[in-house]
Asks: 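Structure in structure tokens, see below.
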Amino acid sequence: MKLIKKIFLIVLALFTFTACTSTVNFKTNVAPVKASQQTVIVANYPDNWADARDILNTNLRYDGWKVTNMNFWKVEEINFKQRKETFLITIDKLRKSGEGFFGGTLFDGNIRVYDLRTETLIIDYHLYSDELYEATNGIVKALSSLVVK
């Protein structure tokens with residue numbers, strides 16, 4: 001019985017470690033950002049958006065980013081060259097996929113980040129049974145790593 005408990009604890013510790021180490025990587029090289037350029041447009045998709053918007057906005061603002069929210073469908077109508085934001089974050093096809101091991105809600109969907117200075121996709125993150133806080137926190141950490149102070 002003690003052996004089974006030890007194996008269970010080892011598996012639980014490995015699961016916890018891998019669940020907490022989600023990393024977000026850039027697809028291309030991205031130029032650094034000055035502190036005055038820490039501005040983001042977040043384009044929201046209506047389904048399950050309230051949870052993601054609130055968590056993402058809180059994480060971004062906590063790290064010093066200025067956030068503008070807009071409807072997902074209005075992105076095509078905007079001339080980004082006339083805007084002052086540096087990045088565009090889109091959250092698409094977000095849906096609840098289940099309950100987490102410790103009671104959190106898991107989501108599936110896509111989070112994409114575009115650099116508006118070069119008009120390129122820099123992060124393409126696919127959520128697959130991920131918690132929103134971990135996914136959005138990874139995006140914010142990746143963007144904040146670009147800031148030169």
Asks: Using only heavy-atom distances, determine whether the side chains of Asn59 and Thr136 contain a donor-acceptor pair under 3.5 Å.
Replies: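 Per modelled atom types, Asn59 and Thr136 side chains form a pair under 3.5 Å.
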
Asks: Test of understanding: clusters of I, L, V, M, F, W, Y form through side-chain heavy atoms closer than 4.5 Å, transitively. Do Leu116 and Met70 belong to the same one?
Replies: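 Yes; tracing contacts between hydrophobic side chains, which count when under 4.5 Å, links both residues.
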
Asks: Heavy-atom distance under 4.5 Å between the side chains of Tyr125 and Ile139, does that happen here?
Replies: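 Side chain of Tyr125 against side chain of Ile139, heavy atoms only: contact under 4.5 Å found.
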
Asks: Under the side chain to side chain contact (heavy atoms under 4.5 Å, CB included) criterion, do Asn57 and Asn69 qualify, and how do the steps go?
Replies: CA-CA 9 Å; Asn57 285 348; Asn69 290 298; 3.0 Å; yes

Asks: Applying side-chain contact (heavy atoms from CB on, under 4.5 Å), name anything that partners Lys141, two or more places apart in sequence or on another chain.
Replies: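 Once residues adjacent in sequence are excluded, the partners of Lys141 under the side-chain contact (heavy atoms from CB on, under 4.5 Å) criterion are Asn137.
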
Asks: For Tyr114 versus Thr90, what's the shortest heavy-atom pair and its separation?
Replies: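 Shortest heavy-atom separation between Tyr114 and Thr90 comes out as CE1-OG1, 4.0 Å.
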
Asks: Under a 4.5 Å cut-off applied to non-hydrogen side-chain atoms, are Pro32 and Leu146 in contact?
Replies: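 No, side chains not in contact.
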
Asks: Shortest non-hydrogen contact from Leu106 to Ser129?
Replies: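 Nearest heavy atoms, Leu106 then Ser129: CD2-O, 3.8 Å.
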
Asks: Using modelled atom types and a 3.5 Å cut-off, is there a donor and acceptor pairing between side-chain atoms of Gln37 and backbone atoms of Lys34?
Replies: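 Checked: pair present.
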
Asks: Treating Ile, Leu, Val, Met, Phe, Trp and Tyr as nodes and any side-chain heavy-atom pair under 4.5 angstrom as an edge, say whether Val67 and Leu56 lie in one connected cluster.
Replies: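 In one cluster with Val67: Leu56, yes.
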
Asks: Would you give the length of the straight line joining atom NZ of Lys84 to atom NZ of Lys66, rounded to the nearest 0.5 angstrom?
Replies: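 If I round to the nearest 0.5 Å, the distance is 8.5 Å.
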
Asks: May I ask whether Ile55 and Ile123 are part of the same hydrophobic cluster, defined by side-chain heavy atoms of I, L, V, M, F, W, Y residues being less than 4.5 angstrom apart, directly or through others?
Replies: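 As far as the 4.5 Å side-chain criterion goes, Ile123 and Ile55 are connected within one cluster.
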
Asks: Going hydrophobic residue to hydrophobic residue with side-chain gaps under 4.5 angstrom, can you get from Leu60 over to Tyr133?
Replies: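 Yes, Leu60 and Tyr133 fall within the same hydrophobic cluster.
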
Asks: Hey, does Val42 have a side-chain heavy atom less than 4.5 Å from the side chain of Thr68?
Replies: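 No, every pair of side-chain atoms sits at 4.5 Å or beyond.
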
Asks: How long is the span from the CD atom in Glu134 to the CG atom in Leu127, to the nearest 0.5 Å?
Replies: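 Result: 11.0 Å between the selected atoms.
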
Asks: Evaluate the side-chain proximity of Asn110 to Ile91: yes if any heavy-atom separation is below 4.5 Å, no if none is.
Replies: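 Not touching, per the 4.5 Å side-chain cut-off.
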
Asks: Side-chain contact test, heavy atoms from C-beta onward, threshold under 4.5 Å: evaluate it for Phe87 versus Leu143 and give yes or no.
Replies: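 Yes, close enough: below the 4.5 Å cut-off.
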
Asks: Do Thr39 side-chain atoms and Thr86 backbone N/O form a donor-acceptor pair below 3.5 Å?
Replies: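 Pair found, side chain donor or acceptor close to backbone of Thr86.
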
Asks: I would like to know whether Asn71 and Glu77 meet side chain to side chain contact (heavy atoms under 4.5 Å, CB included); could you show each step before the answer?
Replies: CA-CA 11 Å; Asn71 193 337; Glu77 301 171 1; over 6 Å; no

Asks: Could you work out, with side chain to side chain donor-acceptor pair (under 3.5 Å) as the rule, every residue matching Ser145, not counting sequence neighbours?
Replies: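 By the side chain to side chain donor-acceptor pair (under 3.5 Å) rule, Ser145 matches no residue at all.
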
Asks: Are Ile89 and Arg112 side-chain neighbours, meaning at least one heavy-atom pair lies under 4.5 Å?
Replies: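 They are not in side-chain contact.
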
Asks: With side chains defined as the heavy atoms from C-beta onward, is the minimum distance between His126 and Lys93 less than 4.5 Å?
Replies: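 No, their side chains stay 4.5 Å or more apart.
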
Asks: Going from CD1 on Ile111 to CG on Leu94, what distance comes out if it is rounded to the nearest 0.5 angstrom?
Replies: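 If I round to the nearest 0.5 Å, the distance is 7.5 Å.
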
Asks: Looking only at heavy atoms, what is the nearest atom pair of Val147 and Trp65, with distance?
Replies: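 Scanning both residues, the minimum pair turns out to be CG2-CZ2, 3.9 Å.
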
